[in-house]
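Below is one structure, written out as structure tokens, with a few remarks after it.
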Amino acid sequence: MSNSPVYVEAQMLIRKPIQEVFEAFVNPELTTQFWFTKSSGKLEEGKTITWEWEMYGVKNNVTVHEIIPNRLIKTEWGDPSSKVDYEFKEMEKGTFVVIKSYGFTQTGEDLLKTINDNTGGFTTVLDGCKAFLEHGINLRLIEDKFPQE
């Protein structure tokens with residue numbers, strides 16, 4: 001992590017094998033079932049891909065800095081950009097996933113809003129991933145978080 005003491009952390013136990021959970025985060029065919037709606041490709045170390053949330057008209061370029069299969073994905077994305085790490089730990093009951101976001105450049109009220117948005121957003125992603133992988137259900141959490149009229 002960066003030297004900044006400010007970071008966001010969201011975590012969830014997903015009751016599936018680590019390979020399956022890890023694949024859900026690198027393979028857009030799976031990730032689109034619980035997070036973004038479109039991707040320019042699979043997450044691969046050294047590549048920059050684009051994620052899209054079509055219902056909001058939002059796109060983000062995601063730079064993949066490091067991948068350790070079934071253990072870690074280190075990315076940077078957003079505007080302004082921050083670092084987002086996805087950590088995977090095998091446990092007796094499944095896979096414990098921790099998403100850490102850090103390296104924020106915002107200050108004051110802007111920083112508080114970013115921390116709030118990141119905490120809620122990554123918690124929602126993990127909730128959706130759990131529902132999809134454990135029960136095969138797309139709860140449409142991201143789409144329904146900010147419903148459009």
Side-chain angles (χ1 to χ4, degrees), residues 1-91 94-107 110-111 113-134 136-146:
M1 264 185 356
S2 72
N3 295 333
S4 171
V6 178
Y7 67 95
V8 167
E9 190 172 286
Q11 63 280 322
M12 179 66 66
L13 176 69
I14 299 174
R15 295 174 183 267
K16 287 291 180 179
I18 198 165
Q19 297 86 350
E20 196 175 323
V21 178
F22 184 84
E23 184 69 11
F25 280 87
V26 297
N27 182 345
E29 288 181 25
L30 300 172
T31 323
T32 53
Q33 299 302 307
F34 62 89
W35 196 357
F36 45 81
T37 57
K38 214 171 172 184
S39 175
S40 65
K42 193 171 181 174
L43 293 186
E44 295 178 46
E45 193 170 308
K47 298 231 172 163
T48 298
I49 53 107
T50 303
W51 288 344
E52 190 171 343
W53 292 263
E54 295 166 291
M55 65 288 220
Y56 300 125
V58 173
K59 292 181 182 183
N60 249 310
N61 290 326
V62 180
T63 301
V64 183
H65 292 295
E66 182 180 7
I67 291 183
I68 301 172
N70 303 324
R71 285 199 27 227
L72 178 69
I73 303 166
K74 290 177 94 54
T75 65
E76 187 169 345
W77 59 287
D79 183 21
S81 72
S82 60
K83 293 175 175 28
V84 182
D85 297 348
Y86 309 80
E87 300 172 358
F88 304 83
K89 181 182 177 194
E90 195 165 20
M91 299 184 79
T95 304
F96 190 61
V97 182
V98 177
I99 301 177
K100 293 181 181 174
S101 183
Y102 57 96
F104 305 112
T105 57
Q106 301 89 336
T107 58
D110 290 338
L111 179 58
K113 183 181 181 329
T114 298
I115 290 169
N116 185 56
D117 289 350
N118 275 252
T119 303
F122 289 127
T123 299
T124 301
V125 166
L126 289 170
D127 294 345
C129 181
K130 182 177 181 72
F132 176 68
L133 291 180
E134 290 183 15
I137 300 168
N138 178 346
L139 294 176
R140 302 174 77 102
L141 294 174
I142 301 299
E143 179 181 347
D144 294 345
K145 192 167 181 82
F146 304 103

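Computed from a predicted model, the values in this text were never measured in an experiment.
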Next on the checklist: Let me confirm one number: the CD1-CG distance from I115 to N118, rounded to the nearest 0.5 Å.
Outcome noted: 8.5 Å
Next on the checklist: Counting C-beta onward and ignoring hydrogens, is there a side-chain heavy-atom pair between F122 and V84 closer than 4.5 Å?
Outcome noted: yes
Checklist entry - For the side chain of T37 and the backbone of E52, is there at least one donor-acceptor N/O pair under 3.5 Å apart? => result yes
Checklist entry - side-chain contact (heavy atoms from CB on, under 4.5 Å) between T31 and S39: does it pass, once the steps are laid out? => result CA-CA 9 Å; T31 323; S39 175; over 6 Å; no
Item to check | Centroid-centroid distance, F25 to F34, less than 6.0 Å | outcome: yes
Checklist entry - Taking all non-hydrogen atoms of both residues, which atom of I14 and which atom of L126 are closest, and how far apart? => result CD1-O, 4.5 Å
Checklist entry - Side-chain contact, heavy-atom cut-off 4.5 Å: I142 with M55? => result yes
Item to check | From CE (M91) to CG (L13), nearest 0.5 Å | outcome: 6.5 Å
Checklist entry - So which heavy atom on Y56 is nearest to which on E143, and how close? => result OH-O, 3.0 Å
Checklist entry - Is a donor on one side and an acceptor on the other found under 3.5 Å between the side chain of E45 and the backbone of I67? => result yes
Checklist entry - If you round to the nearest 0.5 Å, how far is CD of Q33 from CZ of R140? => result 10.5 Å
Next on the checklist: With heavy-atom distances below 4.5 Å as the criterion, would you say the side chains of F22 and T95 are in contact?
Outcome noted: no
Item to check | Heavy-atom closest pair, residues A131 and L139 | outcome: CB-CD1, 3.4 Å
Checklist entry - Quick check: does any side chain N or O of E134 sit under 3.5 Å from a backbone N or O of R15, one acting as donor and the other as acceptor? => result yes
Checklist entry - Is there any salt bridge (Lys or Arg N to Asp or Glu O under 4.0 Å) pair reaching into residues 16-31, and which pairs are they, with sequence neighbours excluded? => result E23-K42
Checklist entry - Looking only at heavy atoms, what is the nearest atom pair of D127 and M12, with distance? => result OD1-CE, 3.1 Å
Checklist outcome for this item: Sequence neighbours excluded, the answer for side-chain contact (heavy atoms from CB on, under 4.5 Å) partners of N60 is W53, W77
Checklist outcome for this item: Nearest heavy-atom approach of Q106 to T114 is NE2-OG1, 3.3 Å
Item to check | Gap between atom OG of S82 and atom CD of E76 - 0.5 Å precision | outcome: 7.5 Å
Next on the checklist: Are L43 and I73 packed together at the side-chain level, in the sense that at least one heavy-atom pair is separated by less than 4.5 angstrom?
Outcome noted: yes
Checklist entry - Between V98, L72, V97, which is the residue that forms a side chain to side chain contact (heavy atoms under 4.5 Å, CB included) with F88? => result V97
Next on the checklist: Using only atom types and a distance under 3.5 Å, with no angle test, would you say the side chain of Y7 pairs donor to acceptor with the backbone of F104?
Outcome noted: no
Checklist outcome for this item: Between the OG1 atom in T123 and the CG atom in L141, the distance rounded to the nearest 0.5 Å is 11.5 Å
Checklist outcome for this item: Residues pairing under salt bridge (Lys or Arg N to Asp or Glu O under 4.0 Å) where one sits in residues 114-124, two or more places apart or in two chains, turn out to be K113-D117
Item to check | Side chain D85, main chain K100, donor-acceptor under 3.5 Å | outcome: no
Next on the checklist: Looking at every non-hydrogen atom in both residues, tell me the closest pair between A24 and C129 and how far apart they are.
Outcome noted: CB-SG, 4.5 Å
Checklist entry - Rounded to the nearest 0.5 Å, what separation is found between the OG1 atom of T75 and the OH atom of Y86? => result 4.0 Å
